[in-house]
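Working notes for the structure below.
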Amino acid sequence: MSKTLFGMIQALQETISSQEAFLTELDGAIGDADHGINMNRGFEAVITKFTEEDTDIGASLKKLGMTLLSTVGGASGPLYGTAFMRAGAEAQGKETLTLEEAEVMLAAAIKGIQDRGKAVKGEKTMLDAMMPAQDALKQAVAEGLSVVEGLEKACAAANEGIEFTKTIRATKGRASYLGDRSIGHQDPGATSFTLMLETATKYLKA
Amino acid sequence: MKKIINDPKNVVDEMLKGIVAAHPNHVKRLEGFEVLVRAQGPTDKVALVSGGGSGHEPSHGGFVGKGMLDGAVAGAVFTSPTPDQVYEAVKAVDGGKGVLLVIKNYTGDVMNFEIAAEMAEADGIKVEKVVVNDDVAVEDSTWTTGRRGIAGTLFVHKIAGAKAEAGGSLDEVKAVAEKVITNVRSMGMALSPCTVPAAGKPSFTLAENEVEIGMGIHGEPGTHRETLKTANEIVDHLLQKIFDDISLAADDEVAVMVNGLGGTPTMELYVANLRVSEVMKEKGIKIAKTYVGNYMTSLEMAGFSISVIKLDAELKELLLAEANTPALVQ
């Protein structure tokens, strides 16, 4: 089976759909119990806007981000919307990516989320999975690893990031109202990011 | 889940259509969007747009009309509306004098409304924003996102709306809205949870006889859980938290809102209000206006919140001014 951008977006949509209840449950523990519902609504809209003809990674991620921005709502809509659009801006006209380019895109996505959400590392947000993943990609590039090898390292780092979010209290977003009661729960945004990263990695590896 | 709905996916759309069907003289639907605007609009004054997740009815669509809002944007249940929806509302209501966005302090609401404001400003529309954070149940510190916006938001809509109706400039309307936010405090409690239609089950559970003090309007946990006490004890506790946070002395004048969360009998709200009025009387605080009813609900949650706003002459005059909306006529 040849790997296409459309195939990857389909895989992402399937993951979000199958994990909708799980993500919503995580959000219910420390937030307002809508993360899975909102992300699923977004990706259901996304999938209707793509076909095998979409091969420009930059243009496609911009379209994906715009769609999430206008369908997800909540906090994850602006954050993921901005992240995908910023990542897309780093991949204009490209149909394939090197690991180095992927790292630059993830860095741009993180910057976008920080600009919009004003969060830093260690506040129990999606950044706590994204930033370790980016660090892992950077190191993989330096070590000359393949794209799949590098992404696998990033997935491992993102999963460690999720574990880390269980140990800290939230200071951003709705979970921050819980104070110490947020400790022990993993962050839903860090989880949804990691699920998407794992899905993309598995798709490329299969 | 037991709800009077057709399909969870259509709840917001059908609710908006139902409001328009009931109040065609007040509001109309902005075609293609989850937005209600005044039936006769845009007006030649500063416009107010508010909104947020659905499930808080009659907020916010019920307060579109003379003396209050010009547009209300309805997100999915308990989910901030998206920027494109807010942007369309701003464009539709701007009569050339600018638009004030009234935002409740939730991370998603603030970001989505900010993006919409940037889009509208790029079109040359003057946009200002205020963020309401009246809930004293949650800590306002660098360690949180800040206090939540709850039922006290109604006072912003009422007072800033009256200021705009009286011909105030965008800066003046914003200033009076900020003054309301500085002077309003709220705190609530819940007896039972609520169920988001798309989720199908409650996001938390409370044991029989257990209540959550400081519960948010999306079922977010409050300060603590305790065993159900009497109405007087509950009111005393909520009011004490409010008094701890805003200085009120004898002869000060306030307005009060005893707000039902959706599943509370009006009888109980009046029982609670009696105690509120007694406490104010004991303290020598004058109540210029009392609102009792469902203004900012949380689906079928049982419970209520108390909001208190300290009034000066300007705030009092604007609060008592005329309003004519589906959910508030005075």
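To find a chain, count down the sequence lines: A is the first, B the second, and so on, and within it residues start at 1.
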Notebook entry, point to check: So how far is it from Thr107(B) OG1 to Lys172(A) NZ, rounded to the nearest 0.5 Å?
Noted result: 8.5 Å
Check: Between OG1 of Thr79(B) and CZ of Arg41(A), what distance do you get to the nearest 0.5 Å?
Finding: 5.5 Å
Note to self: Applying side chain to side chain contact (heavy atoms under 4.5 Å, CB included) to Arg174(A) and Arg148(B), what does each step give before you reach the verdict?
What the structure shows: CA-CA 9 Å; Arg174(A) 203 163 283 178; Arg148(B) 305 176 289 220; 5.8 Å; no
Margin query: Please check if the number of heavy atoms outside Glu52(A) that lie under 6.0 Å from its CD is greater than 12.
Written below: yes
Notebook entry, point to check: More than 12 foreign heavy atoms under 6.0 Å from NZ of Lys63(A): is that the case here?
Noted result: yes
Checklist line | Contact residues of residues 73-96 of chain A (partner chain B; heavy-atom separation under 4.5 angstrom) | finding: Gly73(A), Gly74(A), Ala75(A), Pro78(A), Leu79(A)
Check: If you draw a 6.0 Å radius around CD in Gln114(A), do more than 12 non-hydrogen atoms from other residues or ligands fall strictly inside?
Finding: yes
Note to self: Suppose we screen for side chain to side chain contact (heavy atoms under 4.5 Å, CB included). Which residues come up paired with Asn40(A), at least two apart in sequence or across chains?
What the structure shows: Ile16(A), Ser17(A), Glu20(A), Glu44(A)
Checklist line | Euclidean distance, Ile37(A) CD1 relative to Phe78(B) CZ, rounded to 0.5 Å | finding: 11.0 Å
Checklist line | Residue selection (most heavy-atom pairs with chain B, distance under 4.5 Å) from Gly31(A), Gly36(A), Ser70(A), Gly28(A) | finding: Ser70(A)
Margin query: Within the supplied structure, the quantity of interest is the number of heavy atoms (other residues, nucleotides, ligands) at a distance under 6.0 Å from Lys3(B) NZ; does it exceed 12?
Written below: yes
Next item on the list: Verify the neighbour count for atom CD of Gln139(A): are there more than 12 heavy atoms of other residues, nucleotides or ligands below 6.0 Å?
Entry: no
Check: So which of Asp27(A), Asn38(A), Leu178(A), Ile30(A) has the biggest tally of heavy-atom pairs under 4.5 Å with chain B?
Finding: Asn38(A)
Next item on the list: Measure the CE-NZ distance between Met111(B) and Lys118(A) for me, rounded to the nearest 0.5 Å.
Entry: 9.0 Å
Note to self: With side chain to side chain contact (heavy atoms under 4.5 Å, CB included) as the criterion, how do Asp34(A) and His218(B) come out once you've worked through the C-alpha distance, each side chain's angles and the decisive distance to 0.1 Å?
What the structure shows: CA-CA 10 Å; Asp34(A) 63 1; His218(B) 308 91; over 6 Å; no
Notebook entry, point to check: Given a strict heavy-atom distance threshold of 4.5 Å, which part of Leu69(A) is in contact with chain B: side chain, backbone, both, or neither?
Noted result: both
Next item on the list: Mind checking ring pair (Phe, Tyr, Trp, His ring centres under 6.0 Å) for His237(B) and listing every partner two or more places apart, or none if nothing turns up?
Entry: His224(B)
Next item on the list: Go through the structure and list residues passing side-chain hydrogen bond (donor to acceptor under 3.5 Å, both in side chains) with Asn159(A), not counting sequence neighbours.
Entry: Glu198(A)
Item checked: Separation of Asp84(B) CG from Met66(A) CE (nearest 0.5 Å) -> 8.5 Å
